[in-house]
Amino acid sequence: MSGYTHAEIEARWQKVWEEEKTFATPDTIDFDTPKFYVLDMFPYPSGVGLHVGHPLGYIATDIVARYKRMLGFNVLHPIGFDAFGLPAEQFAVEHGVHPRVTTEANINNMLSQLKRLGFSYDWDRVLATTDTGYYKWTQWIFLQLYNAYFDEVEGKARSIETLRNDLSAGARFIDSEGTVTFKPTPSSIRWPERTVDQQEEILSHVRLAYLAEVPVNWCPGLGTVLANEEVTADGRSERGNYPVFKRPLKQWMLRITTYSERLLDGLDDVEWPAPVKMMQENWIGKSTGARVRFPVVGFDAEIDVFTTRPDTLFGATYMVLAPEHPLVDSLATKDQREAVDGYRREASRKSDVDRASETREKTGVFTGGFAVNPTNGLEIPIWISDYVLMGYGTGAIMAVPAHDSRDFEFAQEFGLEIRPVIVPPMDWLREKQTTPEKYLEDVAAPGEAYSGSGIAVNSFNDDVVLDGLSTTEAKNKIIEWLEDTGSGKAHVQYKLRDWLFSRQRYWGEPFPILHGPDGSIRTVPEADLPVALPPMEDFRPEASDDPDAPPRPPLSRAPRSWREIEIDGVVYKRELNTMPQWAGSCWYYLRFIDPGNEDALVSPEKESYWMGTDGVDLYVGGVEHAVLHLLYARFWQKVLFDLDFVSCDEPFGRLVNQGYIQAYAYRDQRGIAVEADSVVDQDGRPASDVQDQKDRSYFYDGAPVTQEYGKMGKSLKNAVSPDEICEEFGCDTLRLYEMYLGPLEQSKPWNTRDIVGVNRFLKRVWRNYVNDDGSTRELTATESDETLKMLHGTIKRVTDDLDRMSFNTAIAALIEMNSFLMKRDTISRPTAETFLILLSPLAPHIAEELWNRFGNTTMISSQSWPSYDEKILKEDSITIPVQVNGKVRASISIEPSASKDDVLSVAREHESILKYTRDNSIVKEIYVPGKIVNLVVK
RNA sequence: GCCGGGAUGGCGGAAUAGGUAGACGCAACGGACUUAAAAUCCGUUGGGACAUUCGUCCCGUGCGGGUUCGAGUCCCGCUCCCGGUACCA
């Protein structure tokens, strides 16, 4: 046997690595050695198996893990499964098998696929969110959330117990809405005078986990409610694409909004891709401005609005409430009642899909009521319109049509007053072919609102004058006035909403919560955790086409012995909702550190070593988790940090998003995707051989098809399985190919045809060291200077490239070195072995095999990463280009240490240069040492 | 609309600090070996002009300007593509 038999080699070493636990991270470890925690985003154990796009990130992290081990780091490189939740459950429902069974089968299938790729995970740490030993601690964290609140005074979470003590002792004060303050305020209540039940009711307003009746995203198609993050822009479920309706339901919520500012601030401290930071920033959506109260004419009520432009208050000529606003009912006058009710009915019937799909034409109805503009005392009409959303701010706005495009459109539609209070800058006025005077006279003439900054005008009353002030100055001044007069105050508004945490599904973590007959809530004692999912034959959700049908969680059909529990003679009912998919993935990176711990979610010593101050050192995953998982996990981490369970505030210090693997796909005349595998061109050649060439037309089963290009997957029928590639070329080839495709972060096309390139490389490596008869090549003891130079140059290149995760260029360097070595008559043992070490993180099996054939009894992975010698890399002479007027005209050979004058005189004397300088004079001479000479002639 | 990211040969990509654009691989073409094919090896390969030869010159990193001795890289203005978001007051 002499050829490169990848199948046999790879199977053998995978077996050895697994049996000898080569890559297991010992439980007791030297904490003085620097650590490196490299993590892949938690995969779902999907039923359809992996395609070649999935392992892209895993290959990258595996290379880094192997590289860092050789550099002497303690490396933690675990893998596990996010196995609860909709995908697993939908798969189970579709196949009519219990999710426990399908989940287990899918995990085993995926584990064997991952093992076949030669990954150096610590297989002893594999976990799944569905393990009772795991979700015990998910439930435990929920209890911590329930028993904590966000203390505005300290800017961090504290336990409810501490708050109770502080309230009794007068160290904190609270109002009926749950605002906690350090000093008493007029609205603070007398805590000790309240009954325990009343106190509990007030505390429910501050707990980080709370039960509330709120308008939620109800998805009858899935039989469950969904988080905002799980609903697409066109109002459908991200999973399954079912319509989603707004509807009020009593649900568990997590008060993530209290962490808005911390979640925003923390982004400054992490090394993440800019787009992900941006998406989180936008999702949190911070706006600064003011809240202003407008008294309602005729009865004792005020409309509270939020505005980012309090400097335009004098220009508020009407108000608009969301149709669902609670004040609407009392505001509507007899004359307008019918119109108002009609509009509200219509608005409530519209799902978000309808609202989005309609043209943005403004609709609305006058309520008949008026409010008073607190700045100038003018009575302004109150309207309702669906362009004001109940879910943002206060659900009401002051309309400044002159300086807000939405208000402008609305005012134009209904003939409302438009009052200019800002003079736009001259540039804008010129563009609109107008002047300040003409603009103030007819503000609607430009056809749009001016919403930028400018100089305030028409803005004064007896106490305050804004006229002449810039927008920033005017804002400050009017806020001061609002606060003095009590009509408003500075306010920061966030777009982020609290996290809806209940799902009406079976396949999730049960809540450790009991409901008393009087409506009281009781937590399951820690000692009784986990609350295990009851085994159920019929676990299906009650899906329905009727958006008004009541949600019936599957657990309501669990045996009474599970649903009800008697404590001290009182019968409590268990919470029947389950936690959402994201719960388990919020903290799995902590459990990997100490997966078997039965006494704590993680031991503090191990946690502080592996998480340190910056958390996971390298986290690789898809950009699709930019807001959902990454925001939720950061939130939980911060709560656990505040409560002293973990040692760092941000869980993922460095994040890298891998790009998608894309591939050509083909659709028939009806627009239906056909198997890309079976498409041929006009000459009958497989499409995969010619797909990037010009003048090709494609056929499937004799009928013409059109070519497109997109993310590899089921829907486009263009998936390629890693199993096929491993079988034909070996997983070392697959690993190299996926990395050689281009930068990790970039999306790039899969081209099965190109794989032969890296496969040829590995075969050449093999032939270079293994003779035709299967014997190993004779290696010499000493090395030529030329080869040494090549070797050290390659060490430098590969090291630098791996440090910046530029795997494609590292492979190119190895290819170049191998091609160089193939041409040498002799190779020394150190050269050959060093080459294999450099190759081993990328193509571990062939490296281990050749290492072994050289007679080594140790594992190649236990070797130290080689270092290079700058002295060897130093050249005796280097070739540098000589430019004339910036164009290369010659190259000269110089000593690297040559002086500027020497180099320039050589350059000037060069035959090809004289041509250009003979008839001209040199006006400037530039020499960048070791790089270039440029002569400027005239 | 707004906010990000990007555009380099036939294709994937390289150029890390403003310093020889196109490393490395694929495909293509020519050649060697072979009865033949596969495999393997060698050579050519951004476009164009000139040259019998060594070669010489011009153009070229989406488009138009600019800064600089010198720009794929920096600045200004566009075009197109991809992603996110969408009446967020």
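A note on names: the letters A, B, ... follow the listed sequences, proteins ahead of strands, and every chain is numbered from 1.
In this structure, the nucleotide among B:G19, B:C69, B:A15 sitting nearest to the side chain of A:T809 is B:A15. Here B:G12 is the nucleotide among B:A89, B:G12, B:C69 with the atom lying nearest to any side-chain atom of A:L741. When distances run from any side-chain atom of A:Y740 to the nucleotides B:C87, B:C26, B:C24, the shortest one goes to B:C24. With B:G4, B:C26, B:A23 as the choices, the nucleotide that has an atom nearest any side-chain atom of A:M278 turns out to be B:G4.
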Identify the pairs formed between an N or O of the protein and an N or O of nucleotides 55-57 of chain B at a distance under 3.5 Å, and give each distance.
| residue | atom | partner | partner atom | Å |
| --- | --- | --- | --- | --- |
| B:C57 | OP1 | A:Y916 | OH | 2.4 |

Tabulate protein N/O versus nucleotide N/O from nucleotides 40-47 of chain B, keeping only pairs under 3.5 Å, one per line.
| residue | atom | partner | partner atom | Å |
| --- | --- | --- | --- | --- |
| B:U40 | O3' | A:R767 | NH2 | 3.2 |
| B:C41 | OP1 | A:R764 | NH1 | 3.4 |

Could you spell out the base pairing of RNA chain B in dot-bracket, with Watson-Crick or G-U pairs whose two distances are under 3.5 Å, [ ] crossing and | to another strand? (((((((..(((......[....))).(((((.......))))).(((((....)))))..(((((..]....))))))))))))....
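Residues satisfying the side chain to side chain contact (heavy atoms under 4.5 Å, CB included) criterion with A:N718, sequence neighbours excluded, are A:A663, A:A665, A:A676, A:M712, A:L716. Listed by chain and number, the residues in a ring-ring contact (aromatic ring centres under 6.0 Å, His included) with A:Y737 are A:W750 (sequence neighbours excluded). With sequence neighbours left out, the side chain to side chain contact (heavy atoms under 4.5 Å, CB included) criterion links A:S260 to A:T257, A:I284, A:Y494, A:L496. Scanning for ring-ring contact (aromatic ring centres under 6.0 Å, His included) contacts around A:Y67 gives A:W865, with sequence neighbours left out. Among residues two or more places apart in sequence or in another chain, the side chain to side chain contact (heavy atoms under 4.5 Å, CB included) test is passed with A:T471 by A:R309, A:D311, A:I422, A:S453, A:K475. The side chain to side chain contact (heavy atoms under 4.5 Å, CB included) search around A:A490 returns A:I479, A:E483, not counting sequence neighbours. Not counting sequence neighbours, the partners of A:F306 by the ring-ring contact (aromatic ring centres under 6.0 Å, His included) test are A:H491.
A:Y392 and A:S287 are linked by a side-chain donor-acceptor pair at a separation below 3.5 angstrom, with hydrogens and angles left out of the test.
Of the two residues contacting RNA chain B, namely A:S747 and A:V936, the nearest-nucleotide position lying further toward the 5' end is that of A:S747. Looking at which nucleotide of RNA chain B each of A:P275 and A:N885 is closest to, the 5′-most match is held by A:P275.
Between A:N808 and B:A14 there is a side-chain N or O to OP1 or OP2 distance below 4.0 Å. For the pair A:S287 and B:A89, the criterion of a side-chain N or O lying under 4.0 Å from OP1 or OP2 is met.
Residue contacts shown for A:T879 include a base, since a base heavy atom lies under 4.0 Å away. A:Q746 comes within 4.0 angstrom of the backbone, heavy atoms only, and of no base. Looking at heavy-atom distances under 4.0 Å, A:K931 makes contact with sugar-phosphate atoms alone, never a base. When heavy atoms are screened at a 4.0 angstrom cut-off, A:E816 is found touching the sugar-phosphate backbone but no base atom. Among the heavy atoms of the strands lying under 4.0 Å from A:P743 are primed sugar atoms or P, OP1, OP2 only; no base atom is included.
Listed by first and then second residue, the salt bridge (Lys or Arg N to Asp or Glu O under 4.0 Å) pairs that reach into residues 278-287 of chain A are A:E261-A:K286, sequence neighbours excluded.
As rounded to the nearest Å, B:C58 and B:G5 have P atoms that lie 37 Å from one another. The gap from the C1' atom of B:A28 to that of B:U79 amounts to 32 Å, rounded to the nearest Å.
Side-chain contact check for A:Y769 versus A:F835: some heavy-atom pair is nearer than 4.5 Å.
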Identify every side-chain donor-acceptor pair in residues 879-892 of chain A under 3.5 Å, counting partners at least two apart or on other chains, and give the distances.
| residue | atom | partner | partner atom | Å |
| --- | --- | --- | --- | --- |
| A:N885 | OD1 | A:V937 | N | 3.0 |
| A:R889 | NH1 | A:Y916 | OH | 3.3 |

